There are 2 protein chains.
Amino acid sequence: MTKKPADPANGSAPAARQVPMRDFSRSLPMSLLRAREAVMRQFRPSLREHGLTEQQWRILRALAAIEAVEVTELARTAFLLGPSLSRILRDLEARNLIERKTAKADQRRSMVSISKEGVKLMASVAPTSEAIYAQITSRFGARKLAELQEMLGELEQSLAGLGSADDTRAEG
Amino acid sequence: MTKKPADPANGSAPAARQVPMRDFSRSLPMSLLRAREAVMRQFRPSLREHGLTEQQWRILRALAAIEAVEVTELARTAFLLGPSLSRILRDLEARNLIERKTAKADQRRSMVSISKEGVKLMASVAPTSEAIYAQITSRFGARKLAELQEMLGELEQSLAGLGSADDTRAEG
DNA sequence: CGGAGATACTTAACATGTTAAGTGAATGCG
DNA sequence: CGCATTCACTTAACATGTTAAGTATCTCCG
């Protein structure tokens, strides 16, 4: 902030092209990000109408399939970090969409389950969500979709255990 | 919050399995999220050592290839929303990693470029970054990687123009 | 020329991502 | 038993994602 030259013809001219790298727009992380965004863009409006975020929806879906889970396992299932999950559960509980009980055997654990209201909300969202998914499948092709997911799974596998030894994140 | 029953044998018992849906852990968004996370986990530690976040690194890389860009085009290139970019540019400018000049012809536009310091930082990060990318490529297979990215691109294409007509997001 | 509308950002507000630290409860071991 | 360690979460702090609103500038048409 010492100076703010308005004259383009001086020493502070852009220092571009000095660090050759791959075209980052074609990097794997970018490809994955763009693809995921393209997919999520289809779902967000519908979720939004029901007052749900993508992550809240993930949690409800994870809970709908089971009786109750510990927070830690829910984090693994919904692929959320502990702190995010903690906040979201607090909000979902305030909205009476989920219920929490401390485990009898281990006072540290808290068992989370979906409430009747939560089930009702899910029931109202699920049809649209399934329809959108079906449309995506039909657009892209069911076979190609299966192939893609197969490759994504392989990618995940091939990188498992490469990062730092301590995986803070939720992964099976 | 009217009641908080501790007794499991009552009407508030978990209401699971009442909304049949696909196993969400196998949904496309989750597959993409997990795959991307597996990839990014490889890069984050290195970036972190250099005091950069993933997004800051994207911006620097986008800037390294050109003389200067408008903020809006940079958003498109780095695939960031305007508000995110606005904040990050403020911080990167404070750290003297980028420079900004108001465009002469149009006072609304601001031209962004990487600074000499920014170039130096990039030069110190790039080797590790490239090495990690090479390792990922080798682990997964160069051919498969190309295939995967091809499919991701096709997925993106097949969904283009499906969402709401007004695409706020940065996309070509 | 002048003001309505469009543009290019920026700010604001709220939710999540990410890492580190904190808290209370369980475990293991001397 | 006593206490250090581990465990299951929660809080805190900072950065980004996401949508809406605000600001300054520019365009264009009457």
Side-chain angles (χ1 to χ4, degrees), chain A residues 29 33-34 36-37 40-41 43-45 47-49 51-59 68-76 78-95 100-112 163-164 166-171, chain B residues 29 33-34 36-37 40-41 43-45 47-49 51-59 68-76 78-95 100-112 163-164 166-171:
Chain A
L33 180 59
R34 299 177 73 100
R36 186 175 139 82
E37 178 55 29
M40 286 316 301
R41 183 176 298 127
F43 291 98
R44 259 191 283 268
L47 291 177
R48 193 156 206 284
E49 281 179 20
L52 288 174
T53 66
E54 175 194 336
Q55 293 81 358
Q56 293 169 343
W57 179 234
R58 284 219 300 275
I59 291 173
V69 262
E70 305 169 20
V71 173
T72 299
E73 197 193 323
L74 182 55
R76 180 169 24 247
F79 207 64
L80 292 169
L81 291 174
S84 294
L85 183 53
S86 216
R87 281 178 306 217
I88 300 174
L89 288 181
R90 167 167 49 71
D91 298 347
L92 291 179
E93 187 173 26
R95 287 167 66 183
R100 265 196 283 202
K101 296 181 189 175
T102 301
K104 322 177 219 11
D106 189 337
Q107 297 290 107
R108 292 171 306 181
R109 298 169 199 272
S110 128
M111 304 302 291
V112 184
S164 52
D166 69 311
D167 43 272
T168 311
R169 184 108 189 196
E171 80 232 42
Chain B
L33 180 59
R34 299 178 72 101
R36 188 176 138 80
E37 178 55 29
M40 285 318 300
R41 183 176 297 129
F43 290 99
R44 260 192 282 268
L47 291 177
R48 194 154 204 285
E49 281 179 20
L52 287 175
T53 66
E54 174 193 338
Q55 292 82 359
Q56 292 168 345
W57 178 235
R58 284 220 298 275
I59 292 173
V69 261
E70 306 169 20
V71 172
T72 299
E73 197 193 324
L74 183 54
R76 178 167 28 244
F79 207 65
L80 293 168
L81 292 174
S84 294
L85 183 54
S86 216
R87 281 178 305 214
I88 301 174
L89 288 180
R90 168 167 48 71
D91 299 346
L92 291 179
E93 187 173 27
R95 287 166 66 182
R100 265 198 282 203
K101 297 180 188 175
T102 300
K104 323 177 226 354
D106 189 337
Q107 297 290 109
R108 292 171 307 181
R109 297 169 200 271
S110 126
M111 304 302 290
V112 184
S164 52
D166 68 312
D167 44 89
T168 312
R169 185 106 189 200
E171 81 231 43

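Heavy atoms only: backbone and side chains are in, while hydrogens, waters and symmetry mates are out. Computed from a prediction, not measured in an experiment: that's the story for all the values here.
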>> Between B:Arg58 and B:Phe79 (side chain of the first, backbone of the second, donor and acceptor by atom type, cut-off under 3.5 Å), is there such a pair?
In response: yes
> Just by modelled atom types, is the A:Glu70 backbone N or O under 3.5 Å from a matching donor or acceptor in the A:Glu73 side chain?
Replying inline: no
Establish, with yes or no, whether the OP1 or OP2 oxygen of [N] is under 4.0 angstrom from a side-chain nitrogen or oxygen of [X].
{"X": "A:Arg100", "N": "D:dT10", "value": "yes"}
{"X": "B:Thr72", "N": "C:dA8", "value": "no"}
{"X": "B:Arg87", "N": "D:dT18", "value": "no"}
{"X": "B:Gln107", "N": "C:dA8", "value": "no"}

Considering only side-chain heavy atoms of [X], which listed nucleotide, [options], is closest?
{"X": "B:Leu80", "options": "D:dT10, C:dG17, D:dG17", "value": "D:dG17"}
{"X": "A:Gln55", "options": "D:dT16, C:dC9, C:dG17", "value": "C:dG17"}
{"X": "B:Pro83", "options": "C:dA8, D:dT10, D:dT19", "value": "D:dT19"}
{"X": "B:Ser86", "options": "C:dT16, C:dG17, C:dT10", "value": "C:dT10"}
{"X": "B:Asp91", "options": "D:dT16, C:dA8, C:dT19", "value": "D:dT16"}

> When only distance counts, do a donor and an acceptor, one from the side chain of B:Arg44 and one from the base of C:dG17, lie under 3.5 Å apart?
Replying inline: no
> Quick one: the side chain of A:Arg108 and the base of D:dC7, do they pair up donor-acceptor inside 3.5 Å?
Replying inline: yes
Looking at every strand, decide which applies to [X] at a 4.0 Å heavy-atom threshold: base, sugar-phosphate, or nothing.
{"X": "B:Arg48", "result": "sugar-phosphate"}
{"X": "B:Thr53", "result": "sugar-phosphate"}
{"X": "A:Ile88", "result": "sugar-phosphate"}

>> With heavy-atom distances below 4.5 Å as the criterion, would you say the side chains of B:Leu52 and B:Arg95 are in contact?
In response: yes
What is the distance from [atom1] of [X] to [atom2] of [N], rounded to the nearest Å?
{"X": "A:Leu85", "N": "C:dT16", "atom1": "CG", "atom2": "C1'", "result": "12 Å"}
{"X": "A:Lys104", "N": "D:dA8", "atom1": "NZ", "atom2": "C1'", "result": "17 Å"}
{"X": "A:Leu81", "N": "D:dA8", "atom1": "CG", "atom2": "C1'", "result": "15 Å"}

